[in-house]
Amino acid sequence: MIGDGMDPIFDEMKKVPVCSSLSKAVSLVCGSEAVIVKKQPVHGGDANEAYKLFLSDGTTLFLKANTLSNIDFFRAESEGIAAIRSTGKIRVPTIYARGKDSSFSFLLMEYIDSGREHPDFWEKLGFDLASMHKADTVQFLSKGKYGFESNNYIGAGKQKNTPKDSWIEFFSECRLRPQFMLAEKYFDSTIIKSADRLLNNLDKFLFEPKRPSLLHGDLWSGNFMSDESGLPVLIDPAVYIGCNEADIAMTELFGGFDRRFYDAYFDNIDMVPGYEERRELYNLYHLLNHLNLFGSAYLSAVYRIIKKYVTTS
Ligand code: ADP
């Protein structure tokens with residue numbers, strides 16, 4: 001069902017052209033005369049190669065590139081950006097085109113000229129994220145309340161978004177269980193039993209939200225930037241409809257954002273008491289994903305969190 005008066009995201013996604021070469025994508029954006037005169041590597045990402053492109057007509061563009069076999073990353077990223085954009089609550093870069101060249105896949109988007117953070121940067125990020133979390137979500141799912149219309153990626157890991165009516169079931173079946181299954185080679189039989197027990201007792205810790213929220217899904221400090229006015233822009237999402245707490249928990253996973261972000265966020269959204277007790281359970285998903293992608297350095301944190309919740313269940 002499409003919500004009244006809201007832009008169906010799939011209409012917007014259809015507007016992102018899929019091109020059979022980078023030069024075709026560039027001419028589509030800037031006209032047939034425009035050619036790339038310089039390609040400057042941009043560092044800071046973790047899954048793709050990134051470049052600032054300088055064109056002959058003076059335009060700059062941002063290019064992400066990966067192998068041909070990873071082309072689906074860019075389908076997922078452009079859908080995620082389209083979903084966030086459709087809420088109208090927080091800035092994301094404009095996506096111009098995606099496609100395949102002879103030896104790579106690519107995503108071409110607006111180049112954000114990053115400026116020094118505005119004094120209100122953190123308040124605005126907190127306020128805008130709360131607004132996005134409060135936005136109506138009916139446009140994103142044709143059935144179910146949680147999930148997304150398509151699967152996507154969390155870093156380089158696959159993220160399953162099968163729609164469910166229950167948040168707890170979604171978090172169990174589409175978030176923790178697939179990661180537990182991938183991580184089994186790291187686990188002994190005791191921890192496998194504990195993981196099973198945790199999955200069977202999630203309703204003791206989590207709750208069914210009053211309002212589902214569109215989540216960024218991968219909200220760590222590498223996935224937002226400041227624009228030319230020093231104001232926030234979200235990048236590189238792993239969107240789905242879920243409980244807002246999952247996004248906030250992730251912001252705290254690697255040290256936390258500036259206090260002003262949390263003050264603005266919590267002032268603008270109704271939180272259910274007890275978030276702090278649920279935080280590590282949400283972050284277990286990301287730690288398991290890190291374990292599966294990067295190896296055993298994350299095992300002790302995963303063990304600790306599983307044991308913590310199983311002991312109290
Ligand atoms: P990855 O998918 O590899 O994680 P990111 O999307 O995080 O890549 O992008 C890598 C880096 O490029 C970011 O840390 C950011 O500094 C910069 N960046 C991302 N998007 C843009 C953009 N639209 N304009 C300018 N710089 C960008």
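All of these numbers come straight from a predicted model, not from anything done at the bench. Each ligand, and each atom within it, is numbered from 1 in the order the structure gives.
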- Query: Who passes ring-ring contact (aromatic ring centres under 6.0 Å, His included) against H133, sequence neighbours left out?
  - Reply: Y265
- Query: Transitively linked via ILVMFWY side-chain contacts under 4.5 Å: V16 with I71?
  - Reply: no
- Could you tell me whether D72 and R75 make a salt bridge, using a distance below 4.0 angstrom between a side-chain N and a carboxylate O? yes
- Item | For atom 3 (O) of ligand 1, the protein heavy atom that lies nearest, with its residue and separation | N48 N, 2.9 Å
- What's the shortest distance from atom 5 (P) of ligand 1 to any protein heavy atom, and which residue and atom give it? K64 NZ, 3.6 Å
- Query: At a 4.0 Å threshold, what atoms of ligand 1 neighbour a non-hydrogen atom of A47?
  - Reply: 1 (P), 3 (O), 4 (O)
- Item | Protein heavy-atom partner closest to atom 20 (N) of ligand 1 - residue, atom, separation in Å | F62 CE2, 3.2 Å
- Item | Subset of ligand 1 atoms that lie under 4.0 Å from at least one heavy atom of E110 | 22 (C), 23 (N), 24 (N)
- List for me each residue that meets ring-ring contact (aromatic ring centres under 6.0 Å, His included) alongside F121, sequence neighbours excluded, and say none if there are none. F224
- Message: Is the shortest side-chain heavy-atom distance between L219 and L234 below 4.5 Å?
- Response: yes
- Query: Nearest protein heavy-atom contact for atom 24 (N) of ligand 1: which residue, which atom, what distance?
  - Reply: I112 N, 2.8 Å
- Query: What are the atoms of ligand 1, with element, lying closer than 4.0 Å to any heavy atom of P93?
  - Reply: 23 (N)
- With L182 as partner, the option from L288, L293, N292 fulfilling side chain to side chain contact (heavy atoms under 4.5 Å, CB included) is N292
- Tell me, which protein residue and heavy-atom name are nearest atom 1 (P) of ligand 1, and how many Å apart are they? D236 OD2, 3.5 Å
- Query: Is there at least one pair of N or O atoms, one from H43 and one from ligand 1, spaced under 3.5 Å apart?
  - Reply: no
- Item | Proximity of Y111 to ligand 1 by residue part, where a heavy atom lies under 4.0 Å | both
- Message: So, applying ring-ring contact (aromatic ring centres under 6.0 Å, His included) with Y240, which one of Y146, F170, F148, Y285 is it?
- Response: F170
- Message: I'd like to check whether I235 has a polar contact with ligand 1, where a contact means an N/O of the residue lying under 3.5 Å from an N/O of the ligand.
- Response: no
- Would you mind running through ligand 1 and noting each atom that sits below 4.0 Å from a heavy atom of M109? 23 (N)
- Message: Please check: side-chain N/O of D101 versus main-chain N/O of S103, any donor-acceptor pairing under 3.5 Å?
- Response: no
- Message: Show me which atoms of ligand 1 lie under 4.0 Å from any heavy atom of V42.
- Response: 12 (O), 17 (C)
- Message: Ignoring hydrogens, what is the shortest heavy-atom contact between R260 and W122? Give both atom names and the distance.
- Response: NH2-CD1, 3.5 Å
